[in-house]
Amino acid sequence: MSTLLDQLARRQLLWQGDSQQLAYRAVASGYPELDQQLGGGLPATGLIDIQTEAGIGELRLLLPYLQQQQQQSQRLLVFIGPPAELCADMLAGSGLELSQLLIITPGEQPAFGQSSDELAKLTQPAKNPQSVKKLSPQQQALWAAEQCLQSGCCASVLLWPAVISLAQARRLQLAAEQGAASMIVFRHSSQALSLPVNLSISLKPDPQGLQLTVLKRKGSWPAAPFRISMQQKWPVLCLTGTAAEPLRQAV
Amino acid sequence: MALFIYLHFPALQLDHLQLSAESDRQLPVALVDLQHQLVQLNPAAIKAGLKQHMGLASAAALCPDLQLLPYQPEQQAKILHNVAQQLYQVSSDIALDKPAGLILRLEGMLQLYGGLKPYWQELSAKLSALTYRYQYSCGATPYAAKCLAYQQAGLITVDNRLFDKALNSSPLSATELSPAMQQQMIRLGIHTLGQLQSLPPAELARRFDSQLLSYLGRLRGDYYHALEYFQPEPGFSRYMELLYDISDSNVLIKPLAKLLQQLEQQLRRTNCQCYQLLLSLFFRDNPPLKLSIGSAQGEYKAQAWLALCQLQLENLPLPEPVYGLQLDVNHFAGQQHTTEALFNQHQARMSALQLISLLQARLGHAAVSGLTLQDQHLPEMASKRSLPLTKGAIGQAVLPLRPAFLFTRPQPLTEAVTINQGPERLCPDGWQLGAQRDYYIGRNQQGQWLWLFRTVSQQWFIHGLFS
């Protein structure tokens, strides 16, 4: 019987539940709880979908991972369409190389370095708009993301999109595989559309750090929600046991 | 013995125009000068029976569907200059003979190429690649070569007797003499150059002006003929007039590709690359639109430049149809090759600089930036958007507890928050106590970590998000 099983297993006709083969190379995330739950860490390539509200610690969760990605391959880190200005102090403080960082803000039109006033004067009275395909900022962001991923000179691309469709996600996933890069998409949890990604997680705020739910994981199945403690890395950004009283109700 | 080749281009401007439109060769086209005479004809027009110096009326009678374009001497001069630049790769001493000729001195070149035949082979290959029609001949002096080239003698030889024979039977119309002088000669019964040269110079000097004698002296090589030899200029500048006005910026790519090909040829020959192109689009009513297209890495391949131009043109609404393109490159730089690791498994498709050029071409320069840390304590001044891939000052102290995202305009606080840490008092430069801010770290009901500050007048604002 066991010879038969061996044969079947060798021909990959038999799949055993206890030996989970990771579909991707994992990079340690810097949080032991997360590494344990995800079988090694976050994927080094491909799409990572993060469903989260802004400002609850989603970037802090990723910083050690991004730092490793950047350092291992000496490649670029690209932020596309961040919700506000990025703070150099915080990023440099967590070990990111600022000169290997690229910020793309789609939709910022006037170009310095060109004869912009002349250009603006000429482009205003355009009566034939049908000849020019103007891309919306959203499309520009996706285009830039695809170019960065394909180029092979970016380690990770972070994208804050308004909305992303199934076909777009598929394209980005292919581009990421091609350029051996990872792409992290931050979405609001309200957009519950499931995407073809390597890893999809949802984050909830927690007094001690973050509450993490694995929604989807390639080559495996989701685990129960668990808590990631940030007490060690960011003690100031965790509530201690005796929660301080709300200081002030603003008018 | 001195030897020269004269190249005569009978229809330079017209041939150049037709380069850009292959499909319309069948159409008879002619150039007309200000006196309404036909100056240059394309093969279809010659086939229809038209001749040079024909009046407009007879031309229209012979060929009703003739297309006419104005003859532009300055345009022709530019093209001739370009031809000289191309031939300079093969031959060193080239003198321009405006409006339509080039004089090539061969003395040094024969030694270099080892004879006239291999030299001519090289030169004619170059000329046929240019696709302009040309007439040529060798000659012992510039004027002799010119005279023979005008008759399409096509002599490629070093034999002096052949030159003399051909020159002696040349008609006066192929010479440099003015039409009035030619008329005078014909009335005297002198029809060929041979007849003229057999007359004693003293007699000629008595009857005619010095112009004739100086021409004959230079023709025979008795007088010195000073030539100003061409010096190639650095950079690249080409103008292309379009046969039709183009109103769609995507269609502009095709003629532009031809210009870029020429640029690539020139760059490849000199083993150079360039970092910036200046593309000017000419409109009938509006002032020309100037675009600068940059590549951070430097390129010489037409394909790479075309992709960058395409991205920029796609975003560009044209105010009206374009009738001409001008491509300028002011500065060439030596080519640099990037080295790659031997054992690196992953091959990058492009370099970081190429990626940045690509993004900038499509999204504009302002949309792509880097980030540098400044030596400032105020949060809004500590982070600065800089040019991509710039290194900031090294060894700057980092303030640890700063939010990842800073709002450019602080937002008023409108909800209950739990303060976790603070205050941290920041005062603007010059101790303006009225503008000092006390910063706190707080958490709101949704679990978001906020960076708050309180002004002197006890107003609360959100300045950032600890993401």
Side-chain angles (χ1 to χ4, degrees), chain A residues 53-60 76 82-93 98-99 101-106 108-115 118 122-123 125-126 128-129 131-134 140 143-144 147-148 150-153 179-180 205 236-237 239 243-244 246-250, chain B residues 247-249 286 289-290 292 314 316-319 346 348-352 355 358-359 363-373 382-383 388-392 398-408 413-421 441 443 446-449 460 464-467:
Chain A
E53 295 300 319
I56 61 171
E58 70 277 12
L59 201 61
R60 271 179 287 146
L76 292 177
E85 287 294 313
L86 283 165
C87 175
D89 270 312
M90 148 43 146
L91 296 175
L98 287 186
S99 65
L101 194 124
L102 211 59
I103 303 172
I104 298 171
T105 38
E108 263 179 50
Q109 270 311 310
F112 57 85
Q114 281 189 32
S115 51
E118 200 177 335
L122 275 175
T123 46
N128 46 352
S131 66
V132 177
K133 300 176 289 183
K134 202 84 189 157
Q140 285 185 352
W143 177 84
Q147 293 297 323
C148 290
Q150 274 179 346
S151 71
C153 55
V236 180
L237 297 179
L239 293 183
L247 191 84
R248 184 178 181 278
Q249 190 88 33
Chain B
S247 53
D248 189 348
S249 47
N286 283 321
L289 178 60
K290 291 194 170 68
S292 83
E314 266 176 17
L316 186 76
L318 296 177
H346 174 71
R349 226 164 47 101
M350 55 175 88
S351 71
L355 174 70
L358 190 75
L359 294 171
L363 307 175
H365 284 254
V368 185
S369 60
L371 189 68
T372 48
L373 182 60
S383 310
L389 304 186
T390 39
K391 273 201 166 51
V398 168
L399 300 168
L401 263 177
R402 287 283 178 266
F405 296 119
L406 284 175
F407 297 121
T408 37
L413 178 70
T414 55
E415 59 192 333
V417 291
T418 316
I419 298 296
N420 215 25
Q421 206 211 23
I441 296 170
R443 185 179 192 261
Q446 289 88 49
Q448 291 175 309
W449 287 95
W460 286 80
L465 270 181
F466 285 93
S467 187

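- Residues B:Arg443 and A:Pro205 are in side-chain contact: their nearest non-hydrogen atoms beyond the backbone lie under 4.5 Å apart.
- If you measure heavy-atom distances from B:Leu406 to chain A, the contacts under 4.5 Å come from both the backbone and the side chain.
- Using a 4.5 Å cut-off between heavy atoms, A:Leu101 contacts chain B through both its backbone and its side chain.
- Here B:Leu371 is the residue among B:Leu358, B:Leu371, B:Leu465, B:Thr372 with the most heavy-atom pairs under 4.5 Å with chain A.
- Put simply, the side chain of B:Ile441 reaches to within 4.5 Å of the side chain of B:Phe466, judged on heavy atoms.
- Of all the listed residues (B:Ala382, B:Pro403, B:Gly370), the one sharing the greatest number of non-hydrogen pairs under 4.5 Å with chain A is B:Pro403.
- With a 4.5 Å cut-off on non-hydrogen atoms, B:Leu355 touches chain A through its side chain but not through its backbone.
- Between chain B and the residues A:Ser99, A:Gly55, A:Ala92, the most heavy-atom pairs under 4.5 angstrom are made by A:Gly55.
- Here the closest heavy-atom approach between residue A:Met90 and residue B:Ala404 is recorded as CG-CA, 3.5 Å.
- The nearest pair of heavy atoms linking A:Ser151 to A:Cys148 is OG-O, 2.8 Å.
- Looking only at heavy-atom pairs under 4.5 Å with chain B, the residue among A:Pro83, A:Ala88, A:Pro82, A:Gly57 that has the most is A:Ala88.
- Not counting sequence neighbours, the partners of B:Phe405 by the ring-ring contact (aromatic ring centres under 6.0 Å, His included) test are A:Trp160.
- For B:Ser369, the parts lying near chain A are the backbone and the side chain together; criterion is any non-hydrogen pair under 4.5 Å.
- The parts of A:Leu102 that come within reach of chain B are both its backbone and its side chain, each placing non-hydrogen atoms under 4.5 angstrom from that chain.
- In this structure, the side chain to side chain donor-acceptor pair (under 3.5 Å) partners of A:Glu58, at least two apart in sequence or on a different chain, are B:Ser467.
- The two atoms that bring A:Val236 and B:Asn420 nearest to each other are O-ND2, 2.6 Å, heavy atoms only.
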